> 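Below is one structure. I have some questions about it.
Just so we're clear, the structure is a prediction, and the values are computed from it rather than from any experiment.
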Amino acid sequence: MGLWKRITNLVSKLEPAKVEKSPMDLSVGDICEVSLVTYEVKGSVRNRARNAVVLTIQDGNAIAYLHIEERETVRYALYYPIDGGLENASEVPSHIEMDDTDYYLEEQYDGTVISTGRTPALQSGEQSVWQYQSDDRKLLRIEWQAGRFTLYEGEFVLNGDVYVIRAS
């Protein structure tokens, strides 16, 4: 390498370091690991007002939903879809007993969501969410959007159990 080339390399601007994606920034096609299981992100439903996202993730044929919400700290919950429904969004109870587990309403909120990829939320728009927790920390989530209910059972995931493996 010539002297001129070495001087040019010293003076040239360095490329900025590539910023790593956090789980909150994952999008369709990215790969993540949750509790030692590798998933591909198939879709996302983002609620920017709450700084939250629900990622549709898939491992083989198994589909799950990773809820990530950033408040003082980042909270993760992994949900699986369950069959069931309610008749009216205005009559969602504050206590639900299901499979010998009592769930108590922890939080209810409404907001505008942006949906991309394959998600239960077929479109972007207004969504209502009810989040429940049982005494043994099991979770239940009910979503209502465009006249349709979707129910999920889940559990909290430790922050150290969620990793970004490959981001596009």
> Looking at R48, I'd like to know if its CZ atom is crowded, meaning that more than 12 non-hydrogen atoms belonging to other residues, nucleotides or ligands lie closer than 6.0 Å.
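Open.
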
> Would you compute the distance between atom OH of Y103 and atom CD1 of I142 and round it to the nearest 0.5 angstrom?
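So the gap between those two atoms works out to 10.5 Å.
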
> Side chains of V54 and R141, heavy atoms from C-beta outward: is any pair under 4.5 Å?
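They are in contact (side-chain heavy atoms under 4.5 Å apart), so the answer is yes.
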
> Tell me if a side-chain donor or acceptor on R75 pairs with a main-chain N or O of L158 at a distance below 3.5 Å.
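No; zero donor-acceptor contacts below 3.5 Å.
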
> Closest heavy-atom contact between S27 and K21?
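Minimum heavy-atom contact is OG-NZ, 3.3 Å.
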
> State yes or no: do V37 and V162 share one hydrophobic cluster built from I, L, V, M, F, W and Y residues joined by side-chain heavy-atom distances below 4.5 Å, directly or via other members?
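Linked, V37 and V162 end up in one cluster.
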
> Which value, rounded to the nearest 0.5 Å, describes the distance between E126 atom CD and T112 atom OG1?
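Spacing of CD (E126) from OG1 (T112) equals 3.5 Å.
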
> Using the test ring-ring contact (aromatic ring centres under 6.0 Å, His included), find all partners of Y79 that sit at least two apart in sequence or belong to another chain.
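Y79: no ring-ring contact (aromatic ring centres under 6.0 Å, His included) contacts found.
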
> Kindly give the heavy-atom pair with the smallest separation between Q108 and S128, and that separation in Å.
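Here Q108 and S128 meet closest at NE2-CB, 4.2 Å.
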
> Under a 4.5 Å side-chain heavy-atom rule over Ile, Leu, Val, Met, Phe, Trp and Tyr, are Y132 and L86 clustered together?
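Yes.
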
> Are I96 and I82 connected, step by step, through hydrophobic side chains (Ile, Leu, Val, Met, Phe, Trp, Tyr) whose heavy atoms are closer than 4.5 Å?
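Yes, it is one cluster - the side chains of I96 and I82 are joined through contacts under 4.5 Å.
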
> Calculate, to the nearest 0.5 Å, the distance between atoms OH and OG belonging to Y163 and S22 respectively.
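One finds 14.5 Å between OH of Y163 and OG of S22.
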
> Could you go step by step and tell me if Y65 and L78 meet the side chain to side chain contact (heavy atoms under 4.5 Å, CB included) rule?
CA-CA 6 Å; Y65 301 92; L78 187 62; over 6 Å; no

> Kindly indicate whether the side chain of Y80, heavy atoms from C-beta on, has any atom under 4.5 Å from the side chain of E153.
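Y80 vs E153: side chains apart.
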
> So, the side chain of E69 versus the backbone of R71: is there a donor-acceptor pair under 3.5 Å, distance only?
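No, the answer is negative, given that no donor and acceptor are paired below the 3.5 Å cut-off.
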
> With a cut-off of 6.0 Å (strictly less than), are more than 12 heavy atoms of other residues, nucleotides or ligands near CD of E107?
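Yes, the 6.0 Å shell around CD holds more than 12 heavy atoms from other groups.
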
> Nearest 0.5 angstrom please: L55 CG to L26 CG, how far?
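Interatomic distance, L55 CG to L26 CG, rounded to 0.5 Å: 6.0 Å.
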
> Please find the pair of heavy atoms, one from R166 and one from G29, that lie closest to each other, and give the distance.
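Of all heavy-atom pairs spanning R166 and G29, the closest is NH2-O, 3.2 Å.
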
> If only atom types and distance count, is the side chain of S44 paired as donor or acceptor with the main-chain N or O of R46 below 3.5 Å?
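It does not hold such a pair.
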
> Any luck finding a side-chain donor-acceptor pair between D135 and Q133 under 3.5 Å?
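Short answer, no.
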
> Side chain to side chain contact (heavy atoms under 4.5 Å, CB included) for L66 and V34? Distances and angles first, verdict last.
CA-CA 9 Å; L66 180 62; V34 180; 3.9 Å; yes

> Just to verify, which of V74, I68, D30 counts as forming a side-chain contact (heavy atoms from CB on, under 4.5 Å) with P23?
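The single option meeting the side-chain contact (heavy atoms from CB on, under 4.5 Å) with P23 is I68.
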
> Assess, by modelled atom type and distance only, whether the side chains of S134 and D102 contain a donor and an acceptor separated by less than 3.5 Å.
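Side-chain D/A pair, S134 to D102: absent.
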
> With side chains defined as the heavy atoms from C-beta onward, is the minimum distance between V41 and I31 less than 4.5 Å?
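No, their side chains stay 4.5 Å or more apart.
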
> Is it true that the side chains of Q131 and Y152 contain a donor and an acceptor less than 3.5 Å apart?
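Side chains of Q131 and Y152: no pair found under 3.5 Å.
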
> Check for me whether R50 meets the cation-pi criterion with Y109, that is, NZ or CZ under 6.0 Å from the six-membered ring centre and within 45 degrees of the ring axis.
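Judged by the rule (NZ or CZ under 6.0 Å from the ring centre, within 45° of its axis), R50 counts as positioned above Y109.
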
> Could you measure the distance from the OG atom of S35 to the OH atom of Y76? Nearest 0.5 Å is fine.
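Rounded to the nearest 0.5 Å, the OG-OH separation comes out at 11.5 Å.
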
> Do L151 and L105 share a hydrophobic cluster, counting only Ile, Leu, Val, Met, Phe, Trp and Tyr and linking them when any side-chain heavy atoms are less than 4.5 Å apart?
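Shared cluster, yes.
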
> Checking T101 against D99 for the side-chain hydrogen bond (donor to acceptor under 3.5 Å, both in side chains) test, could you report, in this order, the C-alpha distance in whole Å, the side-chain angles of both residues, the deciding distance, and whether it holds?
CA-CA 5 Å; T101 301; D99 298 332; over 6 Å; no

> Applying a strict under-4.5 Å side-chain criterion to I, L, V, M, F, W and Y, I'd like to know whether V92 and M98 cluster together.
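Result: yes, single cluster for both.
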
> Which value, rounded to the nearest 0.5 Å, describes the distance between N47 atom CG and Q127 atom CD?
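The CG atom of N47 sits 7.5 Å away from the CD atom of Q127.
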
> Is a donor on one side and an acceptor on the other found under 3.5 Å between the side chain of T56 and the backbone of R118?
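Answer holds: yes.
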
> With distance as the sole test, does Q145 use its side chain to make a donor-acceptor pair with the main-chain N or O of Q123 at under 3.5 Å?
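Here the side-chain-to-backbone pair exists.
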
> Of all the heavy-atom pairs spanning S124 and S115, show the shortest one and how long it is.
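Of all heavy-atom pairs spanning S124 and S115, the closest is OG-N, 2.9 Å.
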
> Kindly determine whether C32 and I57 satisfy side chain to side chain contact (heavy atoms under 4.5 Å, CB included), including the steps that lead there.
CA-CA 9 Å; C32 65; I57 54 178; 4.3 Å; yes

> Evaluate the side chain to side chain contact (heavy atoms under 4.5 Å, CB included) criterion for residues F149 and W130: first the C-alpha distance (whole Å), next the side-chain angles of each, then the deciding distance (0.1 Å), finally the verdict.
CA-CA 11 Å; F149 279 103; W130 293 263; 4.3 Å; yes

> If we ignore angles and hydrogens, is there a donor and acceptor under 3.5 Å between the side chains of T150 and E143?
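No - no donor-acceptor pair under 3.5 Å links their side chains.
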
> Within a radius of less than 6.0 Å around NZ of K138, do more than 12 heavy atoms belonging to other residues, nucleotides or ligands occur?
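Counting other residues, nucleotides and ligands, NZ of K138 stays at 12 neighbours or fewer.
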
